[in-house]
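The structure appears right after this line, and notes come after that.
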Amino acid sequence: MKRRRQHVPWIAAGSASETERSADDVVRGTGWVFNNRTGDQLNLKKFVATGDHETIAYLEAFDLLDGHADRETMVEVGSGIGRMTASFTRMYNKVVACDLDGAFLERCRETVAQFGRPDRLQTSHVADGRTLGLATGSADVVFSYITLQHCHRDDAIALSREAVRITRPGGHIALNFRTWVAQDAVLWPAGKLVRAAWRVPRIGPVIARRRLPARLGWQANRLSPREVLAAIGPSLADISLFRGPKRRGFGLPGTTDRTFVGVHRSHWWVVATVK
Ligand SMILES: C[S@@+](CC[C@H](N)C(=O)[O-])C[C@H]1O[C@@H](n2cnc3c(N)ncnc32)[C@H](O)[C@@H]1O
C-alpha cells in the first residue's frame, strides 16, 4: 500500500500515544496534535470538554440537531483519540469513528469508555487514508473536522466522495476544509520543506514529533469550494458553504453563503443533503 508522506506525523503521534501510560499522559504528550494546547495540567477530562463544546456549537450552526439523533448513525472521519467522539456518542444512536491511525482509535475507545457511551461506538481504520470501509448508505450524518486539510489533496477528494457514498439519500454531510489565506505565501513553501524532511532517514521521524515543524508540515492541501463541489456537488442538494465572518463569501452559484463565528478564517465547511 502506498504510504503518503503526510501520514508521517499522525503515525508518529499515534506511536507516541501507544507508549504513554495513562490517557491523561496521552493528552499531555500528543493532545497538541488535536487542539493545540500544551501543559502539565492537561488531562483527558479537559480535552474532552473542548470537544463537547465544539460538537454542539457546530451541529447547531449547521441545523443538524433535528431531534432525531438518538435514532441515527453518525460517522466521524478523523476522530483522533475521541475529543469530539465522546460527545457524539451521547447524542447519536451509533457513532463510527474513522481514523488513519489505529493507535488513535484504541485511545478513542478509552476516551469514549470514560466520557461517552461505549455501547454506541464502532471504529473503522482508514488504512489507505482514502477509503472508508463502510456500507453505501449506512450513515445519517458524516462529519469531519480539521482532518481533510491534512490529507493529500487526491485523498481529501476521495474521502469527500466516500462521505457522500456512505450517507443515505436524505442524510447529511458536514465536511471541513482549509483554503488559501495571505500567510500561505510563507506557510505553504515552509510546509513543503518540512514534508520533504519527514522522508529523510533518522532525522525525519524526530522532526515529525516536534510541534512547530509538525504544525507547518501537516496542512497538506488547500482546497476551494469550487474544487470540492466539482467532485461531489452533483450528488448534493441544499448546499451551504460556511465561512468565518472575516472572510469574503465564495460566491459559488447553487450554494447558500452562511457565516459562523466558530469558523477559522482559513477554513470553510460544506454542509449539504445527499440526494
Ligand atoms: C487534527 S486531528 C483532528 C481530530 C478530531 N477531528 C478533533 O477535532 O479532535 C486530525 C485527525 O485526522 C487523522 N487523519 C489524517 N489523515 C487522515 C486520512 N487520510 N484519513 C483518515 N484520518 C486521517 C489523524 O490521524 C488525526 O487523528
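Order of appearance sets the numbers: ligands from 1, and atoms from 1 within every ligand. Keep in mind the model is a prediction, meaning the values are calculated, not measured. Atom set for the values below is all heavy atoms of this structure, side chains included, hydrogens, waters and symmetry mates excluded.
Scanning the protein for heavy atoms near atom 11 (C) of ligand 1, the closest one is Thr147 OG1, 3.7 Å. What sits closest to atom 23 (C) of ligand 1 on the protein, heavy atoms only, is Leu100 CB, 3.5 Å. Shortest contact from atom 19 (N) of ligand 1 to any protein heavy atom: Gly129 O, 3.0 Å. Ranking protein heavy atoms by distance to atom 9 (O) of ligand 1, first place goes to Arg83 NE, 2.8 Å. Ranking the protein heavy atoms by distance from atom 2 (S) of ligand 1 puts Phe34 CD2, 3.6 Å first. For atom 25 (O) of ligand 1, the nearest non-hydrogen atom of the protein is Asp99 OD1, 2.6 Å. At the top of the distance list for atom 6 (N) of ligand 1, counting protein heavy atoms only, stands Gly78 O, 2.8 Å.
At a threshold of 4.0 Å, the pair Arg107-Glu110 counts as salt-bridged, since one of the basic side-chain nitrogens sits closer than that to a carboxylate oxygen. With salt bridges taken as basic N to acidic carboxylate O contacts below 4.0 Å, none links Lys94 and Asp119.
Applying the side chain to side chain contact (heavy atoms under 4.5 Å, CB included) test between His68 and each of Leu65, Leu64, Asp66 identifies Asp66 as the sole match.
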Is there a side-chain contact (heavy atoms from CB on, under 4.5 Å) between Leu134 and Cys98 once you walk through the steps?
-> CA-CA 10 Å; Leu134 302 171; Cys98 307; 4.0 Å; yes
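Taking a 4.0 Å cut-off on heavy atoms, Val77 fails to register as neighbouring ligand 1.
Heavy atoms from both the backbone and the side chain of Ile146 come within less than 4.0 Å of ligand 1.
Ligand 1 has no nitrogen or oxygen under 3.5 angstrom from a nitrogen or oxygen of Val126. Residue contacts with ligand 1: Trp10 is placed with no nitrogen or oxygen under 3.5 Å of a nitrogen or oxygen of the ligand (distance criterion only).
Under the 6.0 Å distance and 45° angle rule, Arg195 counts as a cation-pi partner of Trp188.
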